[in-house]
Student: 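What follows is a single structure, and I will ask about it in a moment.
Positions are given from 1, in the same order as the sequence printed here. As the structure is a computational prediction, the values presented were derived from the model and not from experiment.
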Amino acid sequence: MVSCREDPNLVYDIKLLSAAPGRLTGSDVIHELSGMDLAMKLSYLKGVYFFNSQACQGLTIMQIKGSMFYWLNDYYTVCGRFQRTEAGRPYMKCNDCGVRIVEARCSKTVDEWLETRDCSLDNLLIYHSPIGPELFFSPSLYMQVTKFKCGGMSLGISWAHIIGDVYSASECLNSWGQFLAGLKSYGPLKLTKSPTGLAHSRSPSVGTKEPVSLTRVDPVGDLWVTANNCQMETFSFHLSASQVSQLHSRIRGQSGIAKIPFFESLCAIMWQCIAKAKDGLEPKVVTLCKKDPSNPKDGILSNSQIISSVKADSSVVDADLKELATLLVDQTTEENSQIEEAVEKDNGVFDYVVYGAKLTLVDLEETNFYGLEWNGHKPEAVHYSIQGVGDEGAVMVLPWPKDSGTDGNIGRIVVVTLPENEVVKLRFELRKNGLILEDDYKAD
(Lines give C-alpha, C1' and ligand atoms only; values in the text may rest on other atoms or scores of the structure.)
Protein backbone atom coordinates (compact mmCIF):
# COMPACT_ATOMS: atom_id res chain seq x y z
CA MET A 1 0.00 0.00 0.00
CA VAL A 2 1.41 3.40 -1.02
CA SER A 3 1.53 6.13 1.62
CA CYS A 4 1.03 9.70 0.44
CA ARG A 5 0.25 11.51 3.68
CA GLU A 6 3.84 12.46 4.56
CA ASP A 7 4.87 13.79 1.14
CA PRO A 8 4.84 17.63 1.27
CA ASN A 9 5.40 17.84 -2.51
CA LEU A 10 2.64 15.47 -3.49
CA VAL A 11 0.78 18.14 -5.48
CA TYR A 12 2.81 21.16 -6.57
CA ASP A 13 3.39 23.80 -9.28
CA ILE A 14 -0.13 25.19 -8.87
CA LYS A 15 -1.22 27.85 -11.38
CA LEU A 16 -4.51 29.71 -11.58
CA LEU A 17 -6.24 30.61 -14.85
CA SER A 18 -9.76 31.58 -15.87
CA ALA A 19 -12.15 30.64 -18.65
CA ALA A 20 -15.28 32.44 -19.78
CA PRO A 21 -17.83 32.06 -22.59
CA GLY A 22 -16.40 32.84 -26.01
CA ARG A 23 -19.48 34.89 -26.77
CA LEU A 24 -21.05 37.65 -24.68
CA THR A 25 -24.22 36.49 -23.00
CA GLY A 26 -25.75 39.95 -23.17
CA SER A 27 -26.60 42.71 -20.77
CA ASP A 28 -28.84 42.43 -17.74
CA VAL A 29 -29.26 38.64 -17.93
CA ILE A 30 -30.41 37.35 -14.52
CA HIS A 31 -30.72 33.77 -13.30
CA GLU A 32 -33.48 33.54 -10.70
CA LEU A 33 -32.82 31.12 -7.84
CA SER A 34 -35.61 28.85 -6.64
CA GLY A 35 -36.33 28.06 -3.02
CA MET A 36 -34.68 24.66 -3.50
CA ASP A 37 -31.56 26.34 -4.91
CA LEU A 38 -31.36 28.58 -1.86
CA ALA A 39 -31.86 25.64 0.50
CA MET A 40 -28.59 24.24 -0.92
CA LYS A 41 -26.69 27.53 -0.60
CA LEU A 42 -24.20 26.30 2.02
CA SER A 43 -23.31 23.03 0.29
CA TYR A 44 -20.66 22.28 -2.35
CA LEU A 45 -20.05 19.27 -4.56
CA LYS A 46 -16.45 18.09 -4.77
CA GLY A 47 -15.59 15.56 -7.47
CA VAL A 48 -12.47 14.01 -9.00
CA TYR A 49 -12.24 12.22 -12.36
CA PHE A 50 -9.09 10.12 -12.90
CA PHE A 51 -7.85 9.49 -16.46
CA ASN A 52 -4.99 7.23 -17.58
CA SER A 53 -2.16 8.27 -19.89
CA GLN A 54 -3.93 7.04 -23.04
CA ALA A 55 -6.90 9.29 -22.34
CA CYS A 56 -4.55 12.26 -21.90
CA GLN A 57 -2.26 11.64 -24.86
CA GLY A 58 -1.63 14.90 -26.71
CA LEU A 59 -3.97 16.82 -24.42
CA THR A 60 -2.69 20.20 -23.20
CA ILE A 61 -4.06 22.70 -20.72
CA MET A 62 -4.55 25.18 -23.58
CA GLN A 63 -6.71 22.67 -25.47
CA ILE A 64 -8.71 22.04 -22.33
CA LYS A 65 -9.19 25.73 -21.69
CA GLY A 66 -9.93 26.45 -25.36
CA SER A 67 -12.78 23.95 -25.46
CA MET A 68 -14.35 25.67 -22.48
CA PHE A 69 -14.92 28.89 -24.46
CA TYR A 70 -17.49 26.98 -26.53
CA TRP A 71 -18.91 24.84 -23.71
CA LEU A 72 -19.55 27.82 -21.42
CA ASN A 73 -21.70 29.45 -24.10
CA ASP A 74 -24.28 26.79 -23.25
CA TYR A 75 -23.64 26.89 -19.49
CA TYR A 76 -23.11 30.60 -19.04
CA THR A 77 -24.84 30.59 -15.64
CA VAL A 78 -21.80 28.93 -14.01
CA CYS A 79 -19.77 31.94 -15.13
CA GLY A 80 -21.95 34.46 -13.33
CA ARG A 81 -21.59 35.99 -9.88
CA PHE A 82 -24.06 36.19 -7.03
CA GLN A 83 -25.65 39.42 -5.88
CA ARG A 84 -28.52 40.30 -3.56
CA THR A 85 -31.74 42.19 -4.10
CA GLU A 86 -32.54 45.14 -1.84
CA ALA A 87 -34.54 42.70 0.30
CA GLY A 88 -31.48 40.47 0.67
CA ARG A 89 -32.46 37.56 -1.61
CA PRO A 90 -29.51 36.15 -3.61
CA TYR A 91 -29.66 35.92 -7.40
CA MET A 92 -27.18 35.19 -10.18
CA LYS A 93 -25.95 38.00 -12.40
CA CYS A 94 -24.91 36.33 -15.68
CA ASN A 95 -21.99 38.66 -16.38
CA ASP A 96 -19.53 36.18 -17.99
CA CYS A 97 -16.94 36.54 -15.23
CA GLY A 98 -15.93 32.93 -15.82
CA VAL A 99 -14.90 29.81 -13.98
CA ARG A 100 -11.55 29.39 -12.26
CA ILE A 101 -9.13 26.91 -13.86
CA VAL A 102 -6.27 25.47 -11.79
CA GLU A 103 -3.26 23.65 -13.22
CA ALA A 104 -1.09 21.43 -10.97
CA ARG A 105 1.31 18.48 -10.99
CA CYS A 106 1.48 15.33 -8.87
CA SER A 107 4.59 13.30 -7.98
CA LYS A 108 2.65 10.00 -8.01
CA THR A 109 1.06 7.92 -10.77
CA VAL A 110 -2.69 7.60 -11.11
CA ASP A 111 -2.51 3.94 -10.05
CA GLU A 112 -0.46 4.81 -6.96
CA TRP A 113 -2.98 7.46 -5.99
CA LEU A 114 -5.97 5.15 -6.39
CA GLU A 115 -4.21 2.38 -4.44
CA THR A 116 -4.25 4.54 -1.30
CA ARG A 117 -8.08 4.32 -1.16
CA ASP A 118 -7.97 7.48 0.95
CA CYS A 119 -10.58 9.94 -0.30
CA SER A 120 -9.35 12.62 2.11
CA LEU A 121 -6.31 13.01 -0.16
CA ASP A 122 -8.62 13.98 -3.04
CA ASN A 123 -8.84 17.46 -1.53
CA LEU A 124 -5.33 18.04 -2.90
CA LEU A 125 -6.77 17.53 -6.39
CA ILE A 126 -9.68 19.93 -5.83
CA TYR A 127 -9.22 23.67 -5.54
CA HIS A 128 -12.04 24.76 -3.26
CA SER A 129 -13.08 28.17 -2.06
CA PRO A 130 -16.55 28.93 -0.69
CA ILE A 131 -18.80 31.67 -2.00
CA GLY A 132 -18.07 34.96 -0.25
CA PRO A 133 -17.43 37.07 1.64
CA GLU A 134 -17.37 39.26 -1.49
CA LEU A 135 -20.10 37.68 -3.57
CA PHE A 136 -19.29 39.52 -6.78
CA PHE A 137 -15.73 38.08 -6.81
CA SER A 138 -16.59 34.45 -6.01
CA PRO A 139 -16.72 31.83 -8.81
CA SER A 140 -19.30 29.07 -8.42
CA LEU A 141 -17.11 26.52 -10.22
CA TYR A 142 -13.42 25.63 -9.83
CA MET A 143 -11.81 23.05 -12.13
CA GLN A 144 -8.36 21.68 -11.28
CA VAL A 145 -6.39 19.72 -13.88
CA THR A 146 -3.56 17.77 -12.22
CA LYS A 147 -0.89 16.05 -14.31
CA PHE A 148 0.45 12.81 -12.81
CA LYS A 149 3.94 11.34 -13.19
CA CYS A 150 2.61 8.57 -15.44
CA GLY A 151 1.12 10.97 -17.99
CA GLY A 152 -2.39 10.58 -16.65
CA MET A 153 -4.48 13.45 -15.32
CA SER A 154 -7.26 14.14 -12.89
CA LEU A 155 -10.05 16.68 -13.17
CA GLY A 156 -11.13 18.00 -9.80
CA ILE A 157 -14.21 20.18 -9.47
CA SER A 158 -15.63 22.30 -6.69
CA TRP A 159 -19.23 23.13 -7.63
CA ALA A 160 -21.52 25.43 -5.65
CA HIS A 161 -24.66 23.34 -5.05
CA ILE A 162 -26.85 26.42 -5.33
CA ILE A 163 -26.43 26.35 -9.14
CA GLY A 164 -27.48 22.71 -9.51
CA ASP A 165 -27.49 19.25 -7.96
CA VAL A 166 -24.99 16.48 -8.62
CA TYR A 167 -27.03 15.17 -11.54
CA SER A 168 -26.94 18.57 -13.24
CA ALA A 169 -23.22 18.91 -12.53
CA SER A 170 -22.51 15.50 -14.06
CA GLU A 171 -24.47 16.23 -17.25
CA CYS A 172 -22.82 19.64 -17.50
CA LEU A 173 -19.33 18.08 -17.41
CA ASN A 174 -20.35 15.31 -19.82
CA SER A 175 -21.42 17.99 -22.26
CA TRP A 176 -18.00 19.66 -21.94
CA GLY A 177 -16.39 16.36 -22.96
CA GLN A 178 -18.17 16.61 -26.31
CA PHE A 179 -16.71 20.07 -26.91
CA LEU A 180 -13.25 18.82 -25.93
CA ALA A 181 -13.59 16.00 -28.47
CA GLY A 182 -14.67 18.46 -31.18
CA LEU A 183 -18.12 16.86 -31.44
CA LYS A 184 -19.83 20.15 -30.57
CA SER A 185 -18.93 23.74 -31.39
CA TYR A 186 -20.65 27.10 -31.51
CA GLY A 187 -24.43 26.90 -31.54
CA PRO A 188 -27.20 29.47 -31.29
CA LEU A 189 -27.28 31.40 -28.03
CA LYS A 190 -29.97 29.93 -25.79
CA LEU A 191 -30.95 31.94 -22.74
CA THR A 192 -32.41 29.57 -20.18
CA LYS A 193 -34.36 29.96 -16.98
CA SER A 194 -34.62 27.85 -13.89
CA PRO A 195 -37.32 25.19 -14.48
CA THR A 196 -39.22 26.57 -11.49
CA GLY A 197 -39.31 30.09 -12.93
CA LEU A 198 -39.93 32.91 -10.50
CA ALA A 199 -40.30 30.62 -7.52
CA HIS A 200 -40.19 33.39 -4.97
CA SER A 201 -43.29 35.06 -6.40
CA ARG A 202 -45.52 32.19 -5.27
CA SER A 203 -47.52 32.52 -2.08
CA PRO A 204 -46.80 29.76 0.43
CA SER A 205 -49.66 27.43 1.26
CA VAL A 206 -51.35 27.88 4.61
CA GLY A 207 -50.87 25.07 7.12
CA THR A 208 -48.25 23.20 5.11
CA LYS A 209 -46.31 20.76 7.24
CA GLU A 210 -42.73 21.84 7.95
CA PRO A 211 -40.15 19.62 6.21
CA VAL A 212 -38.09 17.51 8.62
CA SER A 213 -35.29 17.26 6.04
CA LEU A 214 -34.55 20.99 6.32
CA THR A 215 -32.96 22.84 9.25
CA ARG A 216 -32.62 26.59 9.55
CA VAL A 217 -29.19 27.66 10.83
CA ASP A 218 -27.77 30.87 12.25
CA PRO A 219 -27.23 33.59 9.61
CA VAL A 220 -23.89 33.25 7.80
CA GLY A 221 -23.97 36.60 6.00
CA ASP A 222 -22.07 36.67 2.72
CA LEU A 223 -19.63 33.87 3.59
CA TRP A 224 -21.60 30.78 2.60
CA VAL A 225 -20.11 28.18 4.94
CA THR A 226 -21.90 25.73 7.25
CA ALA A 227 -21.04 26.16 10.95
CA ASN A 228 -20.87 22.67 12.50
CA ASN A 229 -21.01 21.98 16.22
CA CYS A 230 -18.30 19.34 15.85
CA GLN A 231 -15.42 18.40 13.57
CA MET A 232 -16.62 16.36 10.58
CA GLU A 233 -14.65 13.62 8.84
CA THR A 234 -15.13 12.03 5.42
CA PHE A 235 -13.97 8.56 4.42
CA SER A 236 -14.88 6.08 1.69
CA PHE A 237 -14.82 2.38 0.97
CA HIS A 238 -15.37 0.16 -2.06
CA LEU A 239 -17.85 -2.67 -2.40
CA SER A 240 -16.93 -5.25 -5.03
CA ALA A 241 -19.58 -6.67 -7.36
CA SER A 242 -19.53 -9.91 -5.36
CA GLN A 243 -20.05 -7.99 -2.09
CA VAL A 244 -22.98 -6.16 -3.69
CA SER A 245 -24.59 -9.48 -4.63
CA GLN A 246 -24.04 -10.97 -1.17
CA LEU A 247 -25.34 -7.92 0.70
CA HIS A 248 -28.41 -7.66 -1.52
CA SER A 249 -29.22 -11.34 -1.01
CA ARG A 250 -28.79 -10.90 2.73
CA ILE A 251 -31.53 -8.26 2.87
CA ARG A 252 -33.91 -9.92 0.41
CA GLY A 253 -33.55 -13.26 2.17
CA GLN A 254 -34.06 -16.69 0.76
CA SER A 255 -37.31 -15.70 -0.92
CA GLY A 256 -35.36 -13.53 -3.34
CA ILE A 257 -37.92 -10.73 -3.35
CA ALA A 258 -36.79 -8.25 -6.01
CA LYS A 259 -38.89 -5.42 -4.60
CA ILE A 260 -36.07 -3.98 -2.49
CA PRO A 261 -33.40 -2.27 -4.64
CA PHE A 262 -29.75 -2.45 -3.64
CA PHE A 263 -29.57 1.22 -2.60
CA GLU A 264 -32.25 0.78 0.06
CA SER A 265 -30.71 -2.53 1.12
CA LEU A 266 -27.31 -0.92 1.64
CA CYS A 267 -28.83 2.12 3.34
CA ALA A 268 -30.65 -0.12 5.82
CA ILE A 269 -27.30 -1.57 6.87
CA MET A 270 -25.63 1.85 6.96
CA TRP A 271 -28.51 3.33 8.99
CA GLN A 272 -28.25 0.59 11.60
CA CYS A 273 -24.43 0.71 11.74
CA ILE A 274 -24.46 4.50 12.19
CA ALA A 275 -27.16 4.18 14.87
CA LYS A 276 -24.89 1.80 16.79
CA ALA A 277 -21.93 4.17 16.36
CA LYS A 278 -23.90 7.03 17.91
CA ASP A 279 -24.13 5.29 21.31
CA GLY A 280 -27.80 5.70 22.22
CA LEU A 281 -28.45 8.77 20.05
CA GLU A 282 -29.68 6.75 17.11
CA PRO A 283 -31.21 8.69 14.20
CA LYS A 284 -34.89 7.76 13.98
CA VAL A 285 -35.47 10.02 10.95
CA VAL A 286 -33.42 9.94 7.75
CA THR A 287 -33.48 11.97 4.54
CA LEU A 288 -33.19 10.36 1.10
CA CYS A 289 -31.99 12.21 -2.01
CA LYS A 290 -32.65 10.66 -5.42
CA LYS A 291 -32.58 11.68 -9.06
CA ASP A 292 -35.75 13.12 -10.54
CA PRO A 293 -36.34 11.06 -13.71
CA SER A 294 -38.08 14.03 -15.32
CA ASN A 295 -35.12 16.36 -14.72
CA PRO A 296 -34.48 18.46 -17.89
CA LYS A 297 -31.00 18.18 -19.38
CA ASP A 298 -30.84 20.64 -22.27
CA GLY A 299 -28.32 23.02 -20.73
CA ILE A 300 -30.61 23.74 -17.77
CA LEU A 301 -29.02 23.46 -14.34
CA SER A 302 -31.37 22.87 -11.43
CA ASN A 303 -31.74 21.47 -7.93
CA SER A 304 -34.51 19.10 -8.90
CA GLN A 305 -33.45 15.98 -7.00
CA ILE A 306 -36.25 14.33 -5.06
CA ILE A 307 -35.84 14.83 -1.32
CA SER A 308 -37.89 12.69 1.02
CA SER A 309 -37.88 11.61 4.65
CA VAL A 310 -38.83 8.52 6.60
CA LYS A 311 -39.17 7.79 10.31
CA ALA A 312 -38.62 4.57 12.21
CA ASP A 313 -41.17 4.09 14.99
CA SER A 314 -39.03 1.61 16.93
CA SER A 315 -35.35 1.13 17.68
CA VAL A 316 -33.12 1.22 14.59
CA VAL A 317 -30.36 -0.65 16.41
CA ASP A 318 -32.64 -3.62 17.13
CA ALA A 319 -34.62 -3.52 13.89
CA ASP A 320 -34.69 -6.29 11.30
CA LEU A 321 -32.68 -5.09 8.29
CA LYS A 322 -35.32 -6.23 5.82
CA GLU A 323 -37.94 -4.19 7.69
CA LEU A 324 -35.68 -1.10 7.63
CA ALA A 325 -35.10 -1.53 3.90
CA THR A 326 -38.83 -1.93 3.28
CA LEU A 327 -39.44 1.24 5.28
CA LEU A 328 -37.00 3.11 3.02
CA VAL A 329 -38.81 1.83 -0.07
CA ASP A 330 -42.46 2.17 0.93
CA GLN A 331 -42.82 4.77 3.69
CA THR A 332 -40.90 7.83 2.46
CA THR A 333 -42.60 11.22 2.21
CA GLU A 334 -41.46 13.60 -0.53
CA GLU A 335 -40.72 17.08 0.81
CA ASN A 336 -39.66 19.18 -2.19
CA SER A 337 -42.70 21.42 -2.12
CA GLN A 338 -42.46 21.88 1.67
CA ILE A 339 -38.78 22.85 1.36
CA GLU A 340 -39.63 25.36 -1.36
CA GLU A 341 -42.37 26.91 0.73
CA ALA A 342 -40.30 27.00 3.93
CA VAL A 343 -37.53 28.92 2.15
CA GLU A 344 -39.92 31.19 0.26
CA LYS A 345 -41.85 32.06 3.42
CA ASP A 346 -39.11 34.56 4.29
CA ASN A 347 -38.28 35.43 0.66
CA GLY A 348 -35.12 33.32 0.63
CA VAL A 349 -33.04 35.52 2.94
CA PHE A 350 -32.38 32.95 5.69
CA ASP A 351 -29.88 30.09 5.70
CA TYR A 352 -30.60 26.37 5.75
CA VAL A 353 -28.98 22.95 5.69
CA VAL A 354 -30.38 19.82 4.00
CA TYR A 355 -27.44 17.41 3.94
CA GLY A 356 -26.85 16.38 7.53
CA ALA A 357 -29.90 18.17 8.96
CA LYS A 358 -30.97 14.56 9.46
CA LEU A 359 -28.83 11.58 8.50
CA THR A 360 -28.91 11.94 4.70
CA LEU A 361 -28.70 9.02 2.24
CA VAL A 362 -27.83 10.09 -1.32
CA ASP A 363 -28.48 7.75 -4.26
CA LEU A 364 -25.99 8.41 -7.09
CA GLU A 365 -26.13 4.91 -8.59
CA GLU A 366 -27.74 6.07 -11.84
CA THR A 367 -25.63 9.19 -12.24
CA ASN A 368 -23.67 9.12 -15.49
CA PHE A 369 -20.28 10.05 -14.00
CA TYR A 370 -18.47 7.94 -16.59
CA GLY A 371 -20.05 9.82 -19.50
CA LEU A 372 -17.17 12.32 -19.45
CA GLU A 373 -14.66 11.00 -22.00
CA TRP A 374 -11.18 12.23 -22.95
CA ASN A 375 -9.82 10.97 -26.29
CA GLY A 376 -12.57 8.35 -26.30
CA HIS A 377 -11.56 6.97 -22.88
CA LYS A 378 -13.75 6.89 -19.79
CA PRO A 379 -12.32 7.76 -16.35
CA GLU A 380 -10.47 5.10 -14.38
CA ALA A 381 -12.46 6.16 -11.32
CA VAL A 382 -14.78 8.96 -10.22
CA HIS A 383 -15.06 10.11 -6.60
CA TYR A 384 -17.57 12.64 -5.23
CA SER A 385 -18.23 14.08 -1.79
CA ILE A 386 -20.22 16.95 -0.26
CA GLN A 387 -18.73 19.92 1.54
CA GLY A 388 -21.07 21.52 4.07
CA VAL A 389 -22.73 18.51 5.71
CA GLY A 390 -24.59 19.13 8.96
CA ASP A 391 -23.86 17.32 12.24
CA GLU A 392 -26.11 14.31 11.56
CA GLY A 393 -23.95 13.22 8.62
CA ALA A 394 -24.46 11.90 5.10
CA VAL A 395 -23.86 8.74 3.06
CA MET A 396 -23.37 8.84 -0.73
CA VAL A 397 -23.53 5.71 -2.90
CA LEU A 398 -21.73 5.96 -6.26
CA PRO A 399 -21.33 3.44 -9.11
CA TRP A 400 -17.99 1.66 -9.61
CA PRO A 401 -18.27 0.28 -13.17
CA LYS A 402 -14.65 -0.91 -13.22
CA ASP A 403 -15.76 -3.87 -11.11
CA SER A 404 -18.56 -5.79 -12.83
CA GLY A 405 -19.91 -9.15 -11.73
CA THR A 406 -21.18 -12.07 -13.80
CA ASP A 407 -24.71 -11.49 -12.51
CA GLY A 408 -24.83 -7.96 -13.94
CA ASN A 409 -24.03 -6.21 -10.66
CA ILE A 410 -21.33 -3.56 -10.52
CA GLY A 411 -19.28 -2.39 -7.57
CA ARG A 412 -20.07 0.68 -5.51
CA ILE A 413 -18.13 3.46 -3.82
CA VAL A 414 -19.63 4.55 -0.50
CA VAL A 415 -18.64 7.99 0.84
CA VAL A 416 -19.47 8.74 4.48
CA THR A 417 -19.32 12.09 6.30
CA LEU A 418 -19.86 11.97 10.07
CA PRO A 419 -18.66 13.66 13.27
CA GLU A 420 -15.06 12.47 13.65
CA ASN A 421 -15.69 10.95 17.09
CA GLU A 422 -18.15 8.50 15.50
CA VAL A 423 -15.98 7.34 12.60
CA VAL A 424 -13.85 4.75 14.42
CA LYS A 425 -16.98 3.14 15.91
CA LEU A 426 -18.69 3.12 12.52
CA ARG A 427 -15.73 1.46 10.81
CA PHE A 428 -15.85 -1.26 13.46
CA GLU A 429 -19.55 -1.84 12.76
CA LEU A 430 -18.96 -1.86 8.99
CA ARG A 431 -16.25 -4.46 9.42
CA LYS A 432 -18.58 -6.66 11.51
CA ASN A 433 -21.20 -6.43 8.76
CA GLY A 434 -18.80 -7.32 5.94
CA LEU A 435 -18.82 -3.90 4.25
CA ILE A 436 -15.19 -3.17 5.08
CA LEU A 437 -12.88 -6.14 4.57
CA GLU A 438 -9.90 -6.95 6.78
CA ASP A 439 -7.31 -5.49 4.38
CA ASP A 440 -9.33 -2.32 3.85
CA TYR A 441 -9.80 -1.91 7.60
CA LYS A 442 -6.04 -2.11 8.21
CA ALA A 443 -5.35 0.30 5.36
CA ASP A 444 -7.71 2.88 6.85
Student: Check whether any side-chain heavy atom of L10 sits under 4.5 Å from a side-chain heavy atom of C106, and report yes or no.
Tutor: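 Yes, side chains in contact.
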Student: Ignoring hydrogens and geometry, is there a side-chain-to-backbone donor-acceptor pair from E264 to A325 under 3.5 Å?
Tutor: no
Student: How long is the gap from CG on L321 to CZ on R250, to the nearest 0.5 Å?
Tutor: 5.5 Å
Student: Using the six-membered ring of Y12, assess whether NZ or CZ of R105 lies under 6.0 Å from its centre and within 45 degrees of the ring axis.
Tutor: no
Student: What I'd like to find out is whether the side chain of V362 reaches to under 4.5 Å of the side chain of V397, using heavy atoms alone.
Tutor: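 A side-chain contact under 4.5 Å is absent here.
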Student: For the ring pair W224 and F82, is the centre-to-centre distance below 6.0 Å?
Tutor: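 Centroid separation for W224 and F82: below 6.0 Å.
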Student: What do the steps show when you test K358 against E392 for salt bridge (Lys or Arg N to Asp or Glu O under 4.0 Å), and what is the final call?
Tutor: CA-CA 5 Å; K358 298 292 186 291; E392 293 301 310; over 6 Å; no
Student: Looking only at the side chains, is there a donor atom on one of S308 and E334 sitting less than 3.5 Å from an acceptor on the other?
Tutor: no
Student: Has D13 got a side-chain atom pairing as donor or acceptor with A104's backbone, closer than 3.5 angstrom?
Tutor: no
Student: Are any side-chain N or O atoms of S67 and backbone N or O atoms of I64, one a donor and one an acceptor, separated by less than 3.5 Å?
Tutor: yes
Student: Please report the interatomic distance CG(L288) to SG(C267), rounded to the nearest 0.5 Å.
Tutor: 6.0 Å
Student: Salt-bridged, D279 to K425, with N to O below 4.0 Å?
Tutor: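 Counted as a salt bridge, because a side-chain N and a carboxylate O are separated by less than 4.0 Å.
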Student: Side chains of Y384 and Y49: any donor to acceptor distance under 3.5 Å?
Tutor: yes
Student: Can the ring centroids of Y142 and H128 be said to lie less than 6.0 angstrom from one another?
Tutor: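 Here the rings of H128 and Y142 have centres that are no less than 6.0 Å from each other.
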Student: Is the shortest distance from a Lys or Arg side-chain nitrogen in E366 or K291 to a carboxylate oxygen in the other one below 4.0 Å?
Tutor: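 A salt bridge is absent here (no side-chain N lies under 4.0 Å from a carboxylate O).
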Student: Under 3.5 Å, is there a donor-acceptor pair between the H377 and N52 side chains?
Tutor: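 There is no such pair (donor and acceptor under 3.5 Å, judged by atom type) between the side chains of H377 and N52.
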Student: Nearest 0.5 Å please: distance from the OG atom of S385 over to the CG atom of L398.
Tutor: 9.5 Å
Student: With no hydrogens and no angle check, is any side-chain donor or acceptor of D122 less than 3.5 Å from a backbone partner on K46?
Tutor: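 Flag not set: sc D122 to bb K46 has no pair under 3.5 Å.
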Student: So, does D391 use its side chain to make a donor-acceptor pair with the main chain of N229 at under 3.5 Å?
Tutor: yes
Student: Taking only residues at least two apart or on different chains, which pairs with a member in residues 409-421 satisfy salt bridge (charged side-chain N to carboxylate O under 4.0 Å, His left out)?
Tutor: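 Checked against salt bridge (charged side-chain N to carboxylate O under 4.0 Å, His left out) - neighbours excluded - the pairs reaching residues 409-421 are E365-R412.
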Student: Could you give the distance from CE (M270) to CG (L328), rounded to the nearest 0.5 Å?
Tutor: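 So the gap between those two atoms works out to 12.5 Å.
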Student: If only atom types and distance count, is the side chain of S138 paired as donor or acceptor with the main-chain N or O of G132 below 3.5 Å?
Tutor: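 Looks like yes, one N/O pair under 3.5 Å.
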Student: Around atom CD of Q63, are there more than 12 heavy atoms from other residues, nucleotides or ligands closer than 6.0 Å?
Tutor: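 Buried by this count: over 12 neighbours within 6.0 Å.
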Student: With side-chain hydrogen bond (donor to acceptor under 3.5 Å, both in side chains) as the test, would you mind laying out the steps for N303 and D37 before giving the verdict?
Tutor: CA-CA 6 Å; N303 278 290; D37 293 333; 2.8 Å; yes
Student: Yes or no on ring pair (Phe, Tyr, Trp, His ring centres under 6.0 Å) for F50 and H383, after CA distance, side-chain angles and deciding distance?
Tutor: CA-CA 9 Å; F50 295 90; H383 297 166; 5.5 Å; yes
Student: Take C289 and L361 through the test side chain to side chain contact (heavy atoms under 4.5 Å, CB included) and record every step on the way to the result.
Tutor: CA-CA 6 Å; C289 298; L361 310 170; over 6 Å; no
Student: Starting from the C-alpha separation in whole Å, work towards a yes-or-no answer on side chain to side chain contact (heavy atoms under 4.5 Å, CB included) for K147 and E103.
Tutor: CA-CA 8 Å; K147 300 178 182 178; E103 184 180 5; 3.4 Å; yes
Student: Nearest 0.5 Å please: distance from the CG atom of N375 over to the CD atom of Q54.
Tutor: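 Here the rounded value is 10.0 Å.
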Student: Please work out which of the three classes, parallel, tilted or perpendicular, describes the rings of Y75 and W71, given edges at 30° and 60°.
Tutor: tilted
Student: State whether the side chain of N409 and the backbone N or O of A241 hold a donor-acceptor pair below 3.5 Å, judged by distance alone.
Tutor: no
Student: Can you confirm whether the side chains of W159 and S140 place a donor and an acceptor under 3.5 Å from each other?
Tutor: no
Student: Once the angle between the rings of H238 and W400 is folded into 0 to 90°, is it parallel (under 30°), tilted (30 to 60°) or perpendicular (over 60°)?
Tutor: perpendicular
Student: Who are the side-chain hydrogen bond (donor to acceptor under 3.5 Å, both in side chains) partners of T234, not counting sequence neighbours?
Tutor: T417
Student: Under the side chain to side chain contact (heavy atoms under 4.5 Å, CB included) criterion, do T360 and V395 qualify, and how do the steps go?
Tutor: CA-CA 6 Å; T360 308; V395 177; over 6 Å; no
Student: If you take the centroid of each ring, where Trp contributes its six-membered ring, are Y355 and H161 closer together than 6.0 Å?
Tutor: yes
Student: Any idea how F51 and W374 line up, ring-wise: parallel (<30°), tilted (30 to 60°), or perpendicular (>60°)?
Tutor: parallel
Student: What I want to find out is whether E422 reaches K276 closely enough, with some N-O distance under 4.0 Å, to be called a salt bridge.
Tutor: no
Student: Write down the atom of K278, the atom of P283, and the distance for their closest heavy-atom approach.
Tutor: CD-CD, 3.8 Å
Student: Between the side chain of E112 and the main-chain N/O of T109, is any donor-acceptor distance below 3.5 Å?
Tutor: yes
Student: When you check the gap from the basic side-chain N to the acidic O, do D351 and K41 get nearer than 4.0 Å?
Tutor: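 Salt bridge flag = yes for K41 with D351.
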Student: So, T146 side chain and M153 main chain: donor-acceptor pair closer than 3.5 Å or not?
Tutor: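 Not a single qualifying donor-acceptor pair exists.
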